[in-house]
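Quantities reported herein were computed from a predicted structural model and do not represent experimental measurements. Basis for what follows: all heavy atoms, side chains included, without hydrogens, waters or symmetry-related copies. All ligand and atom numbering here is 1-based and tracks the order in the structure.
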Amino acid sequence: MDVSGLVTRFSFVQSGTCPQCGASLFSPKEHPNVQACMECGYSSIATKTQEERLKDIQIQNRKDEVFNYLRNTSCFGSSKVFNYNFGNYRPIDEKEANVRNKALSMSERLAKGIKDDPMHIFLQGGTGRGKTHIAMAMMYEVLNQTKYVKNIRKKVGEEYQIVQVPLAVTFVNWSRFMTLKQESIRDDEKSRQFTLINTALQTADIAIVDDLGKEGNSDWYFQTFDELMEIREDQHLIITTNLEGEDLIKRYGDRSMSRLRKHARGNFISFAGIKDHRMLKEGK
Ligand SMILES: Nc1ncnc2c1ncn2[C@@H]1O[C@H](COP(=O)(O)OP(=O)(O)OP(=O)(O)O)[C@@H](O)[C@H]1O
Ligand SMILES: [Mg+2]
């Protein structure tokens with residue numbers, strides 16, 4: 001086949017030998033990694049460099065690890081929460097557009113300070129306003145921006161090296177978690193589950209505590225939150241709640257709240273004035 005006309009017309013350059021038939025391979029000048037054989041039709045369109053492919057595999061492995069941890073340590077009502085992201089958050093008015101922009105810029109800050117700049121983020125507002133959706137979207141955004149890892153200093157042999165470790169993230173619906181705590185007293189399987197989730201809540205790089213304040217009135221529950229805040233005082237935390245600041249203080253006391261406020265400056269998103277999306281779906 002005479003390809004000289006095509007070659008000049010589309011600015012191709014000869015770029016090697018076809019692995020299938022041994023004829024010449026050609027690449028568009030602007031895309032030297034894409035090669036095609038005019039003889040047998042071989043195309044390397046999906047071909048990335050070996051290094052790029054290895055990197056993709058590495059990121060995919062980390063992603064699997066992060067999502068396995070998230071699935072195994074989370075406490076949720078419906079697994080629908082795992083589908084919430086910024087891609088499917090569609091603002092219907094200016095207020096929601098502002099929420100999205102604010103949440104995106106907080107995610108960026110969180111990703112940048114993932115290792116040593118803790119943030120406590122509050123998403124506050126009425127039911128159906130999109131708090132849980134935004135909380136999960138923020139977590140995914142941070143994972144995307146960090147490529148699922150954080151750098152830590154680790155002793156390797158005699159010296160310290162910077163190594164990348166997968167991030168640990170978890171989602172805990174607080175009232176379900178409190179119910180699990182109650183049930184775990186008499187049920188070994190629930191007790192095992194509770195311990196797993198509790199450990200993740202205390203140690204994960206990012207924890208979402210969803211729907212704080214919906215659990216029943218019990219000092220035992222409030223105390224659990226106090227204990228958690230003692231441990232997560234300097235770790236990333238995203239809280240969604242229907243309660244206003246005053247009511248949170250009344251419920252959990254000033255000690256827990258002052259720990260929460262420690263890294264919360266400027267990290268508050270109000271959903272006031274936003275429509276209830278569950279009602280909108282039902283056409284109300
Ligand atoms: N802007 C939006 N675009 C797409 N879906 C949205 C948007 N806002 C909310 N939703 C959807 O509306 C539903 C309710 O949102 P979500 O569960 O996040 O509300 P919530 O504020 O957490 O409510 P609650 O206080 O009852 O927990 C979800 O299915 C969510 O995906
Ligand atoms: Mg919610």
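The side chain of Y84, and not its backbone, has at least one atom closer than 4.0 Å to an atom of ligand 1 (non-hydrogen atoms only; side chain from C-beta on). Within the 4.0 Å heavy-atom criterion, the part of D211 lying near ligand 1 is the side chain and not the backbone.
Tested against Q164 for a side-chain hydrogen bond (donor to acceptor under 3.5 Å, both in side chains), the candidates R62, K150, Q58 yield a single pass: R62. E215 pairs in a side-chain contact (heavy atoms from CB on, under 4.5 Å) with only one of the listed residues (Q182, K181, R251), which is R251.
Looking only at heavy atoms of the protein, atom 12 (O) of ligand 1 is closest to H277 CB, 3.2 Å. Of all protein heavy atoms, the one lying nearest to atom 25 (O) of ligand 1 is K131 NZ, 2.7 Å. Of all protein heavy atoms, the one lying nearest to atom 30 (C) of ligand 1 is H133 ND1, 3.4 Å. With hydrogens left out, the protein atom closest to atom 23 (O) of ligand 1 is G128 N, 2.8 Å, a heavy atom. In terms of protein heavy-atom proximity, atom 22 (O) of ligand 1 is closest to T132 OG1, 2.8 Å. Nearest non-hydrogen protein atom to atom 19 (O) of ligand 1 is G130 N, 3.1 Å. Taking atom 1 (N) of ligand 1 as the reference point, the nearest protein heavy-atom neighbour is E96 OE1, 2.8 Å. The protein non-hydrogen atom at the shortest distance from atom 17 (O) of ligand 1 is R278 NH2, 3.2 Å.
In this structure, W174 has its ring center under 6.0 Å from that of F225.
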Subject >> Trace of the side-chain hydrogen bond (donor to acceptor under 3.5 Å, both in side chains) decision for N242 with K131 >> reply: CA-CA 9 Å; N242 289 17; K131 302 181 300 294; 3.3 Å; yes

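Around CD of Q161, the count of heavy atoms belonging to other residues, nucleotides or ligands within 6.0 Å exceeds 12. Atom CD of E189 has more than 12 heavy atoms from other residues, nucleotides or ligands within 6.0 Å. Within 6.0 Å of NZ on K80 lie no more than 12 heavy atoms contributed by other residues, nucleotides or ligands.
Annotation for ligand 1: atoms under 4.0 Å from non-hydrogen atoms of T127 are 23 (O), 24 (P), 25 (O), 26 (O). Ligand-side atoms of ligand 1 in range of N88: 3 (N), 4 (C), range being under 4.0 angstrom from any heavy atom. Heavy-atom contacts of R90 reach the following atoms of ligand 1: 1 (N), 2 (C), 3 (N), 4 (C) (cutoff under 4.0 Å). Applying the 4.0 Å criterion to heavy atoms of N242 picks out, from ligand 1, the atoms 25 (O).
Electrostatic pairing of D254 and R261 counts as a salt bridge here, judged by a charged N lying under 4.0 Å from a carboxylate O.
Under the 6.0 Å distance and 45° angle rule, R71 counts as a cation-pi partner of F82. Cation-pi contact between R100 and Y89: absent, since separation from the ring centre below 6.0 Å together with deviation from the ring axis within 45° is not met.
Ligand 1 is never approached by T240 to a heavy-atom distance shorter than 4.0 Å. Under the 4.0 angstrom criterion for non-hydrogen atoms, G126 is in contact with ligand 1.
For the pair S74 (side chain) and F171 (backbone), a donor-acceptor distance under 3.5 Å is present.
Side-chain contact, T241 with Q124: no donor N or O sits under 3.5 Å from an acceptor N or O. Side-chain polar atoms of H133 and N85 form no donor-acceptor pair below 3.5 angstrom.
With rounding to the nearest 0.5 Å, the separation of CG in D211 from CG in L123 is 11.0 Å.
Screening the protein for N, O or S atoms under 2.8 Å from the Mg ion (ligand 2) yields 1; no waters enter the count.
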